[in-house]
Amino acid sequence: MIAQVRDLGLLGLADEGGDLGYAAVALYELARKDAALALFVAGHCAGAAALHAAGANGGTLTILQPKTFSVDRIDGNLALTAQGTVGFLEYATSFVAPVRVSGKPVIAHGSCHLLGETTPFKSVGVSAAGMERATLEDVVLESCDSSAYDHFERWYWVGLAAIAAGVARAAADVGTLYAGERKQFGKALSEFQVTQFKIADLAIRADAAWLMVLRASMALDVQAIKDAAVFASHCAVSNSDESLQLHGGYGYTREYPIERYYRDARALSVLART
C-alpha cells in the first residue's frame with residue numbers, strides 16, 4: 001500500500017508547499033479505510049513540508065518521535081543520537097523529528113541507519129504493519145527558521161485532525177449500516193426511535209468534526225488546527241464507542257471493522273493531546 005500511495009502521488013501532497021485543504025481531504029478518505037496508512041502519509045508530508053521550507057530534500061520520510069536524544073558534538077551543526085519509535089521503517093530512507101535546542105524549535109533530519117537490534121511491537125491502534133523501536137545515529141540538526149517549523153506543525157496537526165475526522169465518519173457509517181441489519185424484537189434496530197436518535201448523533205458528530213477540520217486547514221492557524229484535532233478525536237472516540245454499542249457483542253470481534261475503529265480512535269485521542 002505504501003508503494004501504491006506513492007504511485008498515486010499522495011506522498012507528494014506537500015511538494016512545493018502543498019495545499020492543506022486538499023491534503024486534509026486525501027487523508028480523511030484514507031483514514032476511513034486505514035488510519036495507520038493515513039498516519040504514515042501524514043507524517044511523510046509534515047516532514048516534507050518542513051524540509052521544503054528549509055530548502056532541503058528529504059527523500060522518503062517518516063516522522064520519529066524521539067524518547068531520548070543526546071548531543072554528540074558541536075561543529076557548526078549539532079549531531080545527536082536519537083532513540084524513538086518509527087512506523088513502516090522499511091519504506092523510509094530518512095526521517096525528521098521536531099526538537100528544541102536552547103528553547104528554539106529546530107528540525108532533526110537524518111538517515112534511517114540503525115544501531116543494534118530493533119524490537120517490533122503492536123500498539124493499541126493505528127499499527128497495521130507494526131512499529132519499530134530504533135536507535136539512530138549521526139542525525140544532523142538543521143536549524144530552521146520559524147516559518148519552516150510552522151509548516152511542520154500545520155501539516156502534522158492537519159493530518160492528525162483529518163485522520164480523526166475520517167475515523168469518526170467511518171465509525172458512524174458502519175454503526176448506521178449495522179443498525180439496519182441487526183434485528184431485535186422482530187424489527188431492525190434502526191426502526192426504534194431511540195436508535196434513530198443515536199444514528200442522528202453519529203452523523204452530527206462526524207459532520208461537525210470534518211467541517212471544523214476543513215475550516216481550520218483553510219485558516220492556516222496552528223492553534224485552530226490543534227483545536228480541530230482535539231475536537232475530531234473526541235468525535236472519533238464518541239462515534240466509535242456508540243457504534244460499538246450498536247453492534248453488541250459482535251463489536252468486540254475482528255469480524256466487524258468497528259473494533260479497529262474503536263482502537264484507532266483511542267490511540268488518536270492520545271496523539272491529539274501530545
Side-chain angles (χ1 to χ4, degrees), residues 1-65 85-98 105-113 126-129 131-132 136 139-140 142 144-167 169 210 213-222 225 228-229 232 268 271:
M1 288 190 293
I2 298 294
Q4 289 178 37
V5 296
R6 177 199 63 205
D7 294 341
L8 287 170
L10 294 178
L11 295 185
L13 290 171
D15 287 356
E16 304 301 323
D19 183 309
L20 282 175
Y22 182 82
V25 173
L27 294 169
Y28 171 80
E29 294 295 343
L30 279 176
R32 291 176 65 179
K33 292 299 181 183
D34 191 331
L37 180 64
L39 276 174
F40 175 85
V41 175
H44 169 89
C45 291
L51 292 181
H52 172 75
N57 181 13
T60 303
L61 296 163
T62 189
I63 295 296
L64 172 72
Q65 295 291 356
T85 301
V86 181
F88 299 98
L89 184 61
E90 66 271 26
Y91 292 98
T93 59
S94 59
F95 73 93
V96 299
V106 296
I107 298 296
H109 174 217
S111 70
C112 283
H113 177 70
V126 292
S127 59
M131 305 283 276
E132 300 284 340
L136 303 104
V139 181
V140 176
E142 300 175 349
C144 300
D145 59 27
S146 59
S147 64
Y149 191 79
D150 286 347
H151 272 74
F152 175 86
E153 274 206 305
R154 288 193 195 100
W155 279 84
Y156 176 83
W157 286 102
V158 161
L160 193 57
I163 292 166
V167 172
R169 171 62 67 190
W210 177 227
V213 170
L214 279 181
R215 184 176 66 182
S217 66
M218 290 186 287
L220 301 180
D221 179 77
V222 173
I225 296 170
L268 289 167
L271 291 175

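In this text the structure is predicted, and so the values were computed from the model without any measurement.
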Partner residues of [X] under the side chain to side chain contact (heavy atoms under 4.5 Å, CB included) criterion, sequence neighbours left out:
X: A14; result: C45, A48, A49, W155
X: L220; result: L20, R154
X: A232; result: A164, A165, A209, V213

Please report the shortest heavy-atom distance between [X] and [Y], naming the atom on each side.
X: A42; Y: I163; result: CB-CD1, 4.0 Å
X: A216; Y: A228; result: CB-CB, 3.9 Å
X: A35; Y: V167; result: CB-CG2, 4.1 Å

What distance do [X] atom [atom1] and [Y] atom [atom2] have between them, rounded to the nearest 0.5 Å?
X: R6; Y: H44; atom1: CZ; atom2: NE2; result: 11.0 Å
X: L37; Y: L27; atom1: CG; atom2: CG; result: 9.5 Å
X: L10; Y: F40; atom1: CG; atom2: CZ; result: 11.5 Å

Got a sec, which pairs hit salt bridge (Lys or Arg N to Asp or Glu O under 4.0 Å) with one end in residues 45-54, sequence neighbours left out?
->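 Found none.
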
Within residues 12-30 or reaching into it, pairs that qualify as salt bridge (Lys or Arg N to Asp or Glu O under 4.0 Å) - sequence neighbours excluded |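 Found E29-R32.
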
State which residues pass ring pair (Phe, Tyr, Trp, His ring centres under 6.0 Å) with W210; sequence neighbours excluded, sorted by chain then number.
->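 With sequence neighbours excluded, W210 shows a ring pair (Phe, Tyr, Trp, His ring centres under 6.0 Å) to Y28, given in chain and number order.
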
Residue pair V25, Y22: steps toward the side chain to side chain contact (heavy atoms under 4.5 Å, CB included) verdict = CA-CA 5 Å; V25 173; Y22 182 82; 5.8 Å; no

